[in-house]
Amino acid sequence: MSDTSRTPDTRTPAEIEADIKHRRTTLADTLDEIGVRVHPKTIVGDAKAKVASNIDHTLGRAYVGVNRVVGDVKGRFVTEDGAPRLERIVPVALVAVGLVGLLVVGSRRRKG
């Protein structure tokens, strides 16, 4: 059986040669691009870039989270105009001094 649905090629030999040359150039460019994409250095570079991007994203989120916590803590111990809230600072300071004192006494008992 022959395929009669195809029309005969009416191009000139020069047009066919130009088309072949164009297709070879396109194929060579495609193969070069594939070679670059699958080259180990490219793969490693892409992986490094992805890891760096993920780290930057994670660090950015951590920075925002820490900033929020610091802002919340500062808001609890400082008024909106920047004055310290002694009614909150003094009890926390007393608790901190008490804990340090207990740690010192406990460490002296273990040594002695």
So, using side chain to side chain donor-acceptor pair (under 3.5 Å) as the criterion, who are the partners of R37 when residues are at least two apart?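 So R37 forms a side chain to side chain donor-acceptor pair (under 3.5 Å) with E33.
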
Side-chain touch R23/L27, heavy atoms, less than 4.5 angstrom: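 No, their side chains stay 4.5 Å or more apart.
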
Within this structure, what is the [atom1]-[atom2] distance for the pair [X] and [Y], rounded to the nearest 0.5 Å?
X	Y	atom1	atom2	result
E15	H22	CD	NE2	14.0 Å
I16	D19	CD1	CG	8.5 Å
E17	R24	CD	CZ	9.5 Å
K41	I43	NZ	CD1	13.0 Å
N54	L59	CG	CG	11.0 Å

T26 backbone acceptor or donor facing T30 side chain under 3.5 Å: yes

When you measure from the side chain of T42 to the backbone N and O of V38, does any donor-acceptor pair fall under 3.5 Å?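 Answer holds: no.
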
If hydrophobic clusters are built from ILVMFWY residues whose side chains come within less than 4.5 Å, do I34 and V44 share one? no

In chain order, what residues pass the salt bridge (Lys or Arg N to Asp or Glu O under 4.0 Å) check against D32, with sequence neighbours excluded? none

Could you give all pairs that pass the side chain to side chain donor-acceptor pair (under 3.5 Å) test and reach residues 66-83, with sequence neighbours left out?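 Residue pairs with at least one partner in residues 66-83: T79-D81.
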
